[in-house]
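Here it is: the structure, laid out below.
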Amino acid sequence: MAALALVIASVGQVAPTPGQLVDGGPSLVRLVNRMSPPNLDPAFLTRIFWRIVETFQIAIAGAAIGIALSLPIAWFAARGVGPLGNVGAFLSKAFISFLRTVPDLVWALLFVATVGLGAVAGTMTIVVDTIGFCGRFFAEAIEDSEKEPQEAISAIGGNRLSILFGAILPEVMPSFVNTSLFALEKAVRSSVVLGLVGAGGIGQELKAAFDLFQYRNASTIILVIFLIVLGMEWATDRLRRKVQ
């Protein structure tokens, strides 16, 4: 009953009313009319193309660095497996949770204030976001790995590093690849939005288009973003099926 009351109260306070939807309909139609047709000027499309390239560079570089850093951090966070003991595992998991719970745009604003506007701030944001995402799932995969191979290596004198490379990684590698592909897909979507706060990429063009009331430019950018995300989901889905 308490949960139902919370849902009803939330819907009553922040959900749109039928009257608001009816009143907003004509404004939406006018906005769509102002956004049509999309701007297909070659000079504009060329500028958008290079922004797309920058967006992919932010996503790929940030995801690659984040995935590489996630592996040792996840190893530290894996209870009973990592080299830092239970206290170290708890602190490492708390660090991963902190990175994951702070929204992307907040990290982007922080890095823009630190290193300035542009793609570097976006890349740093993707790195942090990827560590928060992959670190959690990598640590869970390491903890759930089979214990028998680990015990066998330990019985012949292997240390924790030997157990990691000899028993754990060969078993969890398909899970790591699957999680990494999800992280790359997530990085592409995030890098599109980060430009709204000045962190580079195609989102920066979208914000400028709306700020300058260039709605035809905005509709072109929205269509391009849709195609980028759709293409990335299709590619990562195919790669995941091959891995499985």
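No hydrogens, no waters, no symmetry mates; every other heavy atom, side chains included, goes into these values.
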Practice task
Give a yes or no on whether the backbone of Asn39 and the side-chain of Thr220 come within a donor-acceptor separation of less than 3.5 Å.
Solution key: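 It does hold such a pair.
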Practice task
State, yes or no, whether a side-chain contact exists between Val224 and Ile52 at a heavy-atom distance under 4.5 Å.
Solution key: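 Touching, per the 4.5 Å side-chain cut-off.
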Problem - Thr101 side chain to Phe98 backbone, donor-acceptor under 3.5 Å - result: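 Present.
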Exercise for the section: Nearest 0.5 Å please: distance from the CD atom of Gln204 over to the OG1 atom of Thr55. Expected result: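 Gln204 atom CD to Thr55 atom OG1 measures 9.5 Å (nearest 0.5 Å).
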Practice task
Give the minimum heavy-atom separation between Ala78 and Ile142, together with the two atoms involved.
Solution key: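 Nearest heavy atoms, Ala78 then Ile142: CB-CG2, 3.6 Å.
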Problem - Non-neighbouring partners of Glu146 that pass salt bridge (charged side-chain N to carboxylate O under 4.0 Å, His left out), sequence neighbours left out - result: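 Partners of Glu146 by the salt bridge (charged side-chain N to carboxylate O under 4.0 Å, His left out) criterion come out as none, since no residue qualifies.
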Handout entry: Same apolar cluster (I L V M F W Y, side chains within < 4.5 Å links), Ile58/Trp107
Key =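 No, Ile58 does not connect to Trp107 through the hydrophobic network.
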Handout entry: Hydrophobic cluster membership, Leu109 vs Val102, 4.5 Å side-chain cutoff
Key =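 Leu109 and Val102: separate clusters.
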Practice task
For Gly116 and Ala121, work out which heavy atoms get closest and say how close.
Solution key: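 In this case the closest contact between Gly116 and Ala121 is O-CB, 3.7 Å.
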Handout entry: Charged N-O contact under 4.0 Å between Glu143 and Lys93
Key =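 Looking at Glu143 and Lys93, the cut-off is met.
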Problem - CG-CZ distance between Leu181 and Arg238, expressed to the nearest 0.5 angstrom - result: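 Here the interatomic distance stands at 13.0 Å.
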Exercise for the section: Spell out, as yes or no, whether a donor-acceptor pair under 3.5 Å connects the side chain of Ser219 to the backbone of Arg216. Expected result: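 Looks like yes, one N/O pair under 3.5 Å.
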Problem - From NZ (Lys186) to OG (Ser180), nearest 0.5 Å - result: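 So the NZ of Lys186 and the OG of Ser180 are separated by 13.5 Å.
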Handout entry: Contact check, side chains of Phe176 and Phe137, non-hydrogen atoms, under 4.5 Å
Key =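 With C-beta onward as the side chain, the pair stays apart.
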Handout entry: Atom pair CD (Glu185) and CE (Met232), whose distance is rounded to the nearest 0.5 Å
Key =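 Going from the CD atom of Glu185 to the CE atom of Met232 covers 8.0 Å.
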Practice task
Output, in order, the C-alpha distance, side-chain angles, deciding distance and verdict of side-chain contact (heavy atoms from CB on, under 4.5 Å) for Phe49 and Val53.
Solution key: CA-CA 6 Å; Phe49 170 78; Val53 171; 3.9 Å; yes
Exercise for the section: Flag the pair Ile67 / Leu71 as yes when at least one side-chain heavy-atom distance between them is below 4.5 Å, and no otherwise. Expected result: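 SC-SC contact between Ile67 and Leu71 ruled out.
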Practice task
Determine the sole option in Leu99, Leu69, Ile65 for which the side-chain contact (heavy atoms from CB on, under 4.5 Å) test with Val128 is passed.
Solution key: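 Result: among Leu99, Leu69, Ile65, Leu99 is the only option passing the side-chain contact (heavy atoms from CB on, under 4.5 Å) with Val128.
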Exercise for the section: Identify whether Val193 and Phe111 are in the same connected component of the hydrophobic contact network (ILVMFWY, side-chain heavy atoms under 4.5 Å). Expected result: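 The answer is no; the residues belong to distinct hydrophobic clusters.
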Practice task
State yes or no: do Phe90 and Val87 share one hydrophobic cluster built from I, L, V, M, F, W and Y residues joined by side-chain heavy-atom distances below 4.5 Å, directly or via other members?
Solution key: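 As far as the 4.5 Å side-chain criterion goes, Val87 and Phe90 are connected within one cluster.
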Handout entry: Student check: side-chain heavy atoms of Arg189 and Glu233 closer than 4.5 Å
Key =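 In short, these two side chains touch, coming nearer than 4.5 Å.
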Practice task
Report the C-alpha separation of Leu194 and Ile126 in whole Å, then their side-chain angles, then the decisive distance to 0.1 Å, and conclude whether the side-chain contact (heavy atoms from CB on, under 4.5 Å) test is met.
Solution key: CA-CA 9 Å; Leu194 296 180; Ile126 297 299; 3.8 Å; yes
Problem - Heavy-atom side-chain contact between Thr179 and Phe133 under 4.5 Å - result: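 Counting from C-beta outward, Thr179 and Phe133 do come under 4.5 Å.
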Exercise for the section: Could you name each residue pair satisfying side chain to side chain donor-acceptor pair (under 3.5 Å) that touches residues 69-85, not counting sequence neighbours? Expected result: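 Applying side chain to side chain donor-acceptor pair (under 3.5 Å) to every pair that reaches into residues 69-85, excluding sequence neighbours, yields nothing.
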Problem - side-chain contact (heavy atoms from CB on, under 4.5 Å) between Ile202 and Leu206, intermediate numbers included - result: CA-CA 7 Å; Ile202 191 68; Leu206 180 62; 6.0 Å; no
Exercise for the section: Please round to the nearest 0.5 Å and tell me the distance separating atom OG of Ser191 and atom CD1 of Ile228. Expected result: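 CD1 of Ile228 is found 8.0 Å from OG of Ser191.
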Problem - Closest contact, heavy atoms only, Pro72 versus Ala68 - result: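 Minimum heavy-atom contact is CD-O, 3.2 Å.
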Exercise for the section: Spell out, yes or no, whether Val106 and Leu110 are grouped together once hydrophobic residues are joined by side-chain heavy atoms under 4.5 Å, including indirect joins. Expected result: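 The answer is yes; both residues are in one hydrophobic cluster.
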Exercise for the section: Taking all non-hydrogen atoms of both residues into account, name the closest pair between Ile96 and Arg136 and its distance. Expected result: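 Shortest heavy-atom separation between Ile96 and Arg136 comes out as CG2-N, 3.7 Å.
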Practice task
Verify the neighbour count for atom OH of Tyr215: are there more than 12 heavy atoms of other residues, nucleotides or ligands below 6.0 Å?
Solution key: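 Check passes, neighbour count above 12.
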Problem - Spacing of Ile222 atom CD1 and Leu227 atom CG [to the nearest 0.5 Å] - result: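 Between atom CD1 of Ile222 and atom CG of Leu227 there are 12.0 Å.
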Problem - Side-chain touch Val177/Pro174, heavy atoms, less than 4.5 angstrom - result: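 When only atoms from C-beta onward are counted, Pro174 and Val177 do not touch, as no gap falls below 4.5 Å.
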Exercise for the section: Run the numbers on Asp129 and Ser190 for side-chain contact (heavy atoms from CB on, under 4.5 Å), then give the verdict. Expected result: CA-CA 9 Å; Asp129 184 59; Ser190 298; 4.1 Å; yes
Problem - Heavy-atom check, side chain of Ile48 versus side chain of Ile221, under 4.5 Å - result: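 The answer is yes; the side chains approach within 4.5 Å.
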Exercise for the section: Please examine the side chains of Phe44 and Gln214, heavy atoms only from C-beta on, and report whether any two atoms are closer than 4.5 Å. Expected result: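 SC-SC contact between Gln214 and Phe44 ruled out.
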Exercise for the section: Check Pro38 against Leu223 and note the closest heavy-atom contact, atom names and distance. Expected result: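 Here Pro38 and Leu223 meet closest at CG-CD1, 3.7 Å.
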